[in-house]
Trainee: 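Structure in structure tokens, see below.
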Amino acid sequence: MSFRRHPKTHAEQPPTAALDRLFAIAKSDTGQSARVANFLLAWWNGVDLGHFPIADLFGFDRTIADDITAVIRFLGRHPGAVYADSLGYRGDVMDLLARWRGITDEDAA
């Protein structure tokens, strides 16, 4: 079996609709909010904020799992590191840091 990277024919567009939904869920109070927040914060800084257990995908609603895999697919196909702030989500990340980790904007600076 051989694995080859296929050259891109066009630039991947960020999955903004998926990210909008994921940030909304992570800011809400559902049974899946904390796990979605863990995914988004692990993307932001997994070493300091905690990693995302891949097995958490098993417990997500299908639409949430689809949104997470859309983000992962985008990140995997992008030529270099991309973080939420470069896609316009810095304020959303700061909201999650305060809600789920007790870290304020001043602490994060």
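Quantities reported herein were computed from a predicted structural model and do not represent experimental measurements.
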Trainee: Rounded to the nearest 0.5 Å, what separation is found between the OG1 atom of Thr63 and the CD atom of Gln32?
Mentor: 8.0 Å

Trainee: For the atom pair NE2 (His51) and CG (Asn45), what is the distance rounded to the nearest 0.5 Å?
Mentor: 8.5 Å

Trainee: What residues form a ring-ring contact (aromatic ring centres under 6.0 Å, His included) with Phe52, not counting sequence neighbours?
Mentor: Phe39

Trainee: Got a second to check how far Leu41's CG is from Asp48's CG, nearest 0.5 Å?
Mentor: 11.5 Å

Trainee: Calculate, to the nearest 0.5 Å, the distance between atoms CZ and CG belonging to Phe23 and Asp67 respectively.
Mentor: 12.0 Å

Trainee: Any side-chain heavy atom of Leu19 sitting closer than 4.5 Å to one from Val71?
Mentor: yes

Trainee: Of all heavy-atom pairs between Trp100 and Ala26, which one has the smallest distance, and what is that distance?
Mentor: NE1-O, 2.8 Å

Trainee: Using every non-hydrogen atom in the two residues, find where Ala70 and Ala18 come nearest and quote the distance to one decimal.
Mentor: CB-CB, 4.4 Å

Trainee: List for me each residue that meets salt bridge (charged side-chain N to carboxylate O under 4.0 Å, His left out) alongside Arg35, sequence neighbours excluded, and say none if there are none.
Mentor: none

Trainee: So which atom in Ile64 and which in Val36 form the shortest heavy-atom distance, rounded to 0.1 Å?
Mentor: CG2-CG2, 3.8 Å

Trainee: Taking all heavy atoms of Ala84 and all of Trp43, pick out the closest pair and write down the distance.
Mentor: N-CZ2, 3.6 Å

Trainee: Can you see which heavy atom on Phe74 is nearest to which on Gln13, and at what distance?
Mentor: CD1-O, 3.6 Å

Trainee: Asp29: which residues meet the side chain to side chain donor-acceptor pair (under 3.5 Å) condition with it, sequence neighbours left out?
Mentor: none

Trainee: Once rounded to the nearest 0.5 Å, what's the spacing between atom CG of Leu22 and atom CG of Asp92?
Mentor: 11.0 Å

Trainee: Rounded to the nearest 0.5 Å, how far does CD1 of Ile103 lie from CG of Leu96?
Mentor: 11.0 Å

